[in-house]
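Worksheet: one structure, shown below.
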Amino acid sequence: MAKQYNWQIGREMEYPYDAPAPQRQVAYVFDINKCIACQTCTVACKTCWTSGKGQEHLFWNNVETKPYGGYPVGWDLRLLEQQGAAQWNGDVLASDTIFENNTEASQPPQGHRPDPEDFAHPNLGEDDVSGMVDKGAFFQGVHPVWMFYLARICNHCDLPACVAACPRKAVYKRDEDGIVLVDQNRCRGYQECVKACPYKKTFYNIIGRVSEKCIGCYPRVEQGLMALCVESCIGKIRLHGFLSTEEAPREDNPLDYIIKIRKLALPLYPQFGTGPNVYYIPPLHVPNAFLHQLFGPNVESAKELYRNLKDDKPLLGALLLFGATNRIITRFEAREDEVVGWDATGTEAARVPYTEPVHLREHYDQRHDAFRHNTA
Amino acid sequence: MNNQNDQRAFWFALMAITSCMMVTVCVMIVAVFIAIQRPTIVVVPYEQAPRAIATAPAAAPEADESLDDLFPTLKIVRTATLPPIEQPTHSQWDARPAFTVMTPPQQTNWPMLDEETVASVDVRALTDGQSIDWQLSWEAQEPSHVVDSNHFSDAVAIQIPLSANASYMMGDPNEPVFIVYWRAQWQHDVDHGFMNVQDYYPHYWTDLYWFSEGEFPFTVQDSFRDPLSRLYFTAYDAGNPFSDFQRTVPVQDMIAEGFGSLTALPTTQSAGNGVWRDGRWYVVIRSPLAADSPMKTALENEDNAMFSVAVWDGAADNVGGRKHASIWTPMEVAP
């Protein structure tokens, strides 16, 4: 086992390989507060990548309801049962990662392998709230119960458990962008990656007879385009780009800025130790006790940032880039009344005003001699 | 007086306990050595073990005999006609005594197998000069051939060294081994056709696969002829031999140079057939003895005339390195 520094848990940890970080790391920010679980992302991904025979049960992208939902069933609860609750000493993880806590001596990443039926209920627990609602209860300004939607894709982790677990080195992490892929020629379907991935985003295909996973829309990324799940998001909850790895985080890189500099978006289950790269803006209405287990120790400070966004122009500007373009923004600038984003070629990709202009239209349209309806 | 007696009794008891402990430790070491035949044996160069030891001078005949018992040689028996491969339990096999190979769980490298469920494999070997037929049989309460998430296939493999110093654990870099692998899932493919989704889930339904032909249930053998329809078969498209929708043999020829290096040869020369009957698998693997075949090379070179066996219990989640595996066992064509 080599020692790797994991910035998300604030310390070094054991990992089978000592490969350096990629030249840049693909990363995503999902704003949970805005997700309505319309599943447009799920359908966009499914239609494009997993419509084949043998992929019926595969959802590289899924949106589940927390606290009770999960695809595959209990994907996180089963691992939490094995691992126990995360212990933090400030920003430093005091408990073991999945690479360090090995009650099962025969394989380093702690994990579990779902059964086929666990993939058969992608909407189990959908829209279920955290507790019972009393008879006669009514809305009094604060909901007595809570739930939220958690959109999930492969995290293209810094220290992927799937890479660590594959005895054939058939799973690899690309140096150019950190996307994690399964070599479809080399894989022999051992399902070690399925067992090891704490997020259960590797799958066994019964027709191809090998494992498959989210490919990070790499053919699009290579053309400077965002992933389909990001582009198709009608709620504009997602941003897709790159984290700097070979230089200090840049203030003008929206991903660096939101994630590393301002720490508004947090990794999912950082205590597992894989360094996941989908970062979530925590839902404001959910109790911190629950969110701590999901997103680590900085939940309250992230919530505070989000509550004060209207007075935080640079951060608000970065968030305005969400859903503003399908091209990956590598540089942005928050100006007085608008934010501008540029792609890797230096071409302007998005220009968004802080306040959308308001147009009032008369009830009667003189030019077309027609009355406008539904304008009041 | 009593004091002296007490002291004597004390020392006597102490010596007795110490002696017992030493004997117990020795017995345990020997028992463990014999029972599991672990990789400690591997460090002995092949020139010295086991064949060389078996033919060593008569200076220590007792040691020779015990080691010879530990490392018996499989006799590959000449026969004019090999039993038909379609009948893995043909009476011709019964005429030969079983050569039992111990198959302890693989616990040398990750991923390891925790529990042993197949203690041994019975091996019989016949040759007609053109091929060697290996009959491998082992206990399996139920056959396991359906592979799905968290479900695995029974399998067996025979391995021979292509280099005198190759480790029995998949060889070493530049010390390759040759492996013939049989898989119950592939046997089912050969016997009944490639398992489609509808064979796994009889009540499933779909109305469309892009660019496929025909109608439900859209078998992969018949409905996906248009190359566009195969866009989603990424492993098939990448040439992965696991995505063989028209499988004709249940075995695969491979080479390896260490853990994780297992590589299928472009073509499989071996043939095979397996049948499960009354709680046992009976698998016959036919290895051709063509001039340049790995098997012939091994038999002609005394240093390489060895084999090992690996067996996977699918019901116990055996897969990949989670297997039962024997050490090298010498073999020779019976005179």
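Owing to the predicted nature of the structure, the values given are computational and were not obtained by experimental measurement. In what follows, chains carry the letters A, B, and so on, assigned in the order in which the sequence lines appear, proteins first and then strands, with residues in each chain numbered from 1.
- Highest contact tally toward chain B, considering only A:Thr50, A:Ile207, A:Val194, is held by A:Ile207 [criterion: heavy-atom pairs under 4.5 Å].
- Taking CG of B:Asn150 as the start and CD of A:Glu117 as the end, the distance is 9.0 Å to the nearest 0.5 Å.
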List the steps and the verdict of side chain to side chain contact (heavy atoms under 4.5 Å, CB included) for A:Glu192 and B:Trp110. CA-CA 11 Å; A:Glu192 295 293 346; B:Trp110 284 325; over 6 Å; no

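- Among the candidates B:Val147, B:Asp148, B:Val319, the single residue satisfying the side-chain contact (heavy atoms from CB on, under 4.5 Å) test with A:Gln191 is B:Val147.
- One finds no salt bridge joining A:Lys195 and B:Asp317 here, because no Lys/Arg side-chain nitrogen approaches an Asp/Glu carboxylate oxygen to under 4.0 Å.
- Contact annotation for A:Tyr204: only side-chain heavy atoms (C-beta onward) come within less than 4.5 Å of a heavy atom of chain B.
- The two residues B:Phe152 and A:Tyr190 come nearest to each other via the heavy atoms CE2-O, 3.7 Å.
- With a threshold of 4.5 angstrom between heavy atoms, B:Asp237 does not approach chain A through any atom at all.
- Proximity to chain A is absent for every atom of B:Leu231, based on heavy atoms less than 4.5 angstrom apart.
- Separating the CD atom in B:Gln185 from the CD1 atom in A:Ile206 is a distance of 10.0 Å, to the nearest 0.5 Å.
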How far apart are the C-alpha atoms of A:Glu212 and B:Tyr232, what are their side-chain angles, what is the distance that settles it, and do they pass the side chain to side chain contact (heavy atoms under 4.5 Å, CB included) test? CA-CA 11 Å; A:Glu212 296 178 357; B:Tyr232 294 97; over 6 Å; no

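- Most heavy-atom pairs under 4.5 Å with chain B: of the set A:Arg188, A:Lys169, A:Glu56, this distinction falls to A:Arg188.
- For a residue to count as touching a neighbouring chain, one of its non-hydrogen atoms must lie under 4.5 Å from one of that chain's; by this rule A:Phe203 does not touch chain B.
- B:Phe218 touches chain A through backbone and side chain together, each having a heavy atom under 4.5 Å away.
- Using a 4.5 Å cut-off between heavy atoms, B:Phe242 contacts chain A through both its backbone and its side chain.
- For chain A, the nearby part of B:Ser261 is the backbone; its heavy atoms alone come within less than 4.5 Å.
- By number of non-hydrogen pairs under 4.5 angstrom with chain B, the leading residue of A:Cys187, A:Gly208, A:Ser51 is A:Ser51.
- In summary, of the residues considered (A:Gln55, A:Lys53, A:His57), a side-chain contact (heavy atoms from CB on, under 4.5 Å) with B:Val197 occurs for A:Lys53 alone.
- The part of B:Thr219 that comes within reach of chain A is its backbone (N, CA, C, O), which places non-hydrogen atoms under 4.5 angstrom from that chain.
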